[in-house]
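Reading through the structure tokens given below for one structure.
Here is the naming used below: chain letters follow the sequence lines, and residue numbers restart at 1 for every chain.
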Amino acid sequence: MQVFCLYFMHFKCVRLILLQEEFCMLDPKVVRANPQEVALLLSKKGFQFPLERFLDLEEQRRSVQVETEQLQNERNTRSKSIGQAKASGQDIAPLLAEVGQLGEKLDVAKAALQNIQASLDDLLLGVPNLPDASVPEGASEDDNVEVRRWGQPASFDFDVKDHVALGERDAILDFESAAKLTGSRFAVMKGGLARLHRALAQFMLNTHVSDHGYTEMNTPFMVNADSLMGTGQLPKFEEDLFKLPFGDRSYYLIPTAEVPLTNLARDQILEANQLPLKMVAHTPCFRSEAGASGRDTRGMIRQHQFEKVELVHLVEPQRSMEALDELTGHAERILQLLELPYRVVALCGGDMGFGAAKTFDIEVWLPGQDKYREISSCSNMTDFQARRMLARWRNPQTGKPELLHTLNGSGLAVGRTLVAVMENHQLADGRIKVPEVLLPYMGGMTHI
RNA sequence: GGAGGGAUGGCUGAGUGGUCGAAAGCACCGGUCUUGAAAACCGACGAGUCGAGAGGCUCCCAGGGUUCGAAUCCCUGUCCCUCCGCCA
């Protein structure tokens, strides 16, 4: 409780600070106006902003753009006068001669501008979102700050098994078969365990729809490059994705439903009365885990394919930090109903994702590993994704389209939740007790 | 897979080489009227970008091309619709 209060007060301060600071987003204008401050904030995330190069490119862009626009203006004016002369039956030959080399000069200027612009875009697309002022300093997960705990890890009067050992009975969790079918980092589930896995997903989906006011969505599991650009997985993190060549382009398997759900707002202008838009989807997720060889190779914690129930909010900018608390709470509620002890940590700058301004991880207690492990990650992306995908709403106060704020969080990762249920609700004989809230989904099965 | 048609502002939809960033309607916003609201009427009303401002520039699916000048003509691609074939 004490922790909670402290956390809350802290949060209030942060909101105040945010209101004063204009540059809580990665707006080109903002970068231009406060390059030093931006660079400083980004360094909190462990990112070194190429300040010199940016300022240099900006300077070039400015002068070339002015030149180009002047040439265009001249051309437009002259073309217009040719049209008028022609209409009034005058001789236009001398006018045509005058415009002669204007076109060539314009082409040169345009090409130069395009080059500079492309370099600038390249640079800016690779820059992560600015961390919120409340984000703890730090380089790795060791610097994350615990915000609160729920539940008491159970003490067992027998030797606890991890989920891999528990799954060996009758091969209900079968990694060997999966390796035969596909390769490493896949799993086959059987019988009651497969059903429990399905029950978990159904239960989460139902809870978010019925109790938390989300709209259930069903989306494609493959997306195009534009969508991944919008949410920030591309261009920087292509090696984390499964890519499917298709004709002369490629589709990608979604690494999270955040991609299709958030991109629904791409190139849209939403009316204020449509907000907040809260969506939930149950999808498989595919990750190459390129940078994780050797990590979590045992068991179901880190797979190439897993299922997840994902929560996405699209909200007015002023409300986004509030929405992050709400979203995190919705994910937590699933763990509470499943009677799984967990803690919530605020990620430090160095551990945060590319597009996030603020992230809470929820870590569930795993008796088999004797530690808390990530089971959900809830982030406020502020306007970072919205800017990339041009997702906007019409602000009634200004009458103008303005960028939305986007948030997402797992509610929850189904595979990891299954692991947590197995390990936390295991019995001395190696069976698993089905949590009460899942009984309606289990067709009379009380144990597995 | 074959044959056609289409893509224009928040939406519907006109516009086939020269003041077209674009008619009209709807929606939204402001006002008149009303106890209040609705209706009616009047007015404003796309977005981005540069600029202190005046104003400039860009954008009519995307990318190329023709032209002094392209929403409009040509080429390529994407998506949508209709018909035929195939299909869970």
Side-chain angles (χ1 to χ4, degrees), chain A residues 25-33 35 54-55 57-121 123-125 218-230 234 244-252 260 263-275 277 314 316 383 386-404:
Chain A
M25 51 182 96
L26 206 50
D27 188 331
K29 267 189 209 159
V30 167
V31 178
R32 233 173 279 144
F54 171 77
L55 293 175
L57 278 171
E58 258 301 299
E59 181 57 42
Q60 287 182 45
R61 198 218 84 234
R62 209 181 272 254
S63 68
V64 176
Q65 184 170 330
V66 168
E67 187 197 336
T68 308
E69 289 185 2
Q70 273 167 358
L71 286 169
Q72 276 171 330
N73 184 11
E74 200 174 334
R75 186 203 59 189
N76 290 349
T77 320
R78 296 206 179 196
S79 291
K80 219 167 250 184
S81 67
I82 290 176
Q84 283 166 343
K86 205 176 170 186
S88 61
Q90 294 170 31
D91 180 20
I92 59 169
L95 288 170
L96 288 180
E98 269 179 55
V99 200
Q101 353 104 307
L102 199 59
E104 278 172 45
K105 277 163 93 178
L106 224 184
D107 284 344
V108 172
K110 265 185 177 169
L113 183 62
Q114 224 166 35
N115 275 332
I116 296 166
Q117 200 55 260
S119 306
L120 261 175
D121 287 348
L123 190 154
L124 287 174
L125 277 174
N218 191 298
T219 70
F221 305 151
M222 299 179 214
V223 293
N224 57 32
D226 284 345
S227 294
L228 289 155
M229 196 72 82
L234 288 181
L244 309 172
F246 180 63
D248 55 356
R249 58 206 153 130
S250 291
Y251 288 160
Y252 296 82
N263 272 281
L264 284 169
R266 174 149 52 93
D267 297 321
Q268 296 279 307
I269 300 177
L270 301 176
E271 296 301 330
N273 62 17
Q274 295 176 267
L275 302 177
L277 206 55
L314 306 178
E316 301 170 19
D383 64 1
R387 175 167 299 105
R388 292 176 155 237
M389 64 174 79
L390 220 62
R392 295 173 294 174
W393 68 301
R394 194 173 293 278
N395 184 344
Q397 299 198 317
T398 61
K400 294 273 177 195
E402 296 172 13
L403 292 172
L404 287 164

Crowded around A:M222 CE? As in, over 12 foreign heavy atoms under 6.0 Å?
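Result for CE/A:M222: open.
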Taking only the [atom1] atom of each, what is the distance from [N] to [M] in whole angstrom?
N     : M     : atom1 : value
B:G10 : B:A3  : C1'   : 36 Å
B:A71 : B:C61 : C1'   : 12 Å
B:C11 : B:A27 : P     : 15 Å
B:U72 : B:U66 : C1'   : 13 Å
B:G25 : B:G18 : P     : 25 Å
B:A14 : B:G1  : C1'   : 36 Å
B:G55 : B:U67 : P     : 35 Å
B:C28 : B:C80 : C1'   : 28 Å

Provide, to the nearest angstrom, the distance between the [atom1] atom belonging to [X] and the [atom2] atom belonging to [N].
X      : N     : atom1 : atom2 : value
A:Q72  : B:G69 : CD    : C1'   : 13 Å
A:L102 : B:U67 : CG    : P     : 15 Å
A:R266 : B:C61 : CZ    : P     : 18 Å
A:L106 : B:U67 : CG    : P     : 15 Å
A:D267 : B:U78 : CG    : P     : 19 Å
A:N395 : B:C29 : CG    : P     : 13 Å
A:Q274 : B:C11 : CD    : P     : 12 Å
A:L270 : B:C11 : CG    : C1'   : 14 Å

As a test of reading the structure: which of B:G64, B:C79, B:C57 is closest to the side chain of A:Q114, going by heavy atoms?
B:G64
When you get a sec, tell me which of B:U58, B:G56, B:U78 is the closest nucleotide to the side chain of A:N73?
B:G56
If you define the side chain from C-beta out and look only at heavy atoms, does anything of A:N115 sit under 4.5 Å from A:V64?
no
With side chain to side chain donor-acceptor pair (under 3.5 Å) as the criterion, how do A:N224 and A:S227 come out once you've worked through the C-alpha distance, each side chain's angles and the decisive distance to 0.1 Å?
CA-CA 6 Å; A:N224 57 32; A:S227 294; 3.2 Å; yes
Does A:N76 make a side-chain N or O approach to OP1 or OP2 of B:G56 shorter than 4.0 Å?
no
Answer yes or no: does a side-chain N or O of A:R75 lie under 4.0 Å from OP1 or OP2 of B:U67?
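Result: no.
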Who does [N] pair with, Watson-Crick or G-U, both distances under 3.5 Å?
N     : answer
B:A40 : B:U32
B:U78 : B:A7
B:C68 : B:G18
B:G85 : none

Using a strict 4.0 Å threshold on nitrogen-to-oxygen distance, state whether A:E59 and A:R62 make a salt bridge.
no
Please list each protein N or O that sits under 3.5 Å from an N or O in nucleotides 17-20 of chain B, with the distance.
residue: B:G18; atom: O6; partner: A:K86; partner atom: NZ; Å: 3.0
residue: B:G18; atom: N2; partner: A:S79; partner atom: O; Å: 2.9

Which letter, B, S or -, goes with each nucleotide of nucleotides 47-53 of chain B from 5' to 3', with contact meaning a protein heavy atom under 4.0 Å?
SSSSS--
Check: A:E74/A:Q70 side-chain N/O donor and acceptor closer than 3.5 Å:
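Their side chains do not contain a donor-acceptor pair, so the 3.5 Å distance test is not met.
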Nearest heavy atom decides the nucleotide; on that basis, is A:R249 or A:V99 closer to the 5' end of RNA chain B?
A:V99
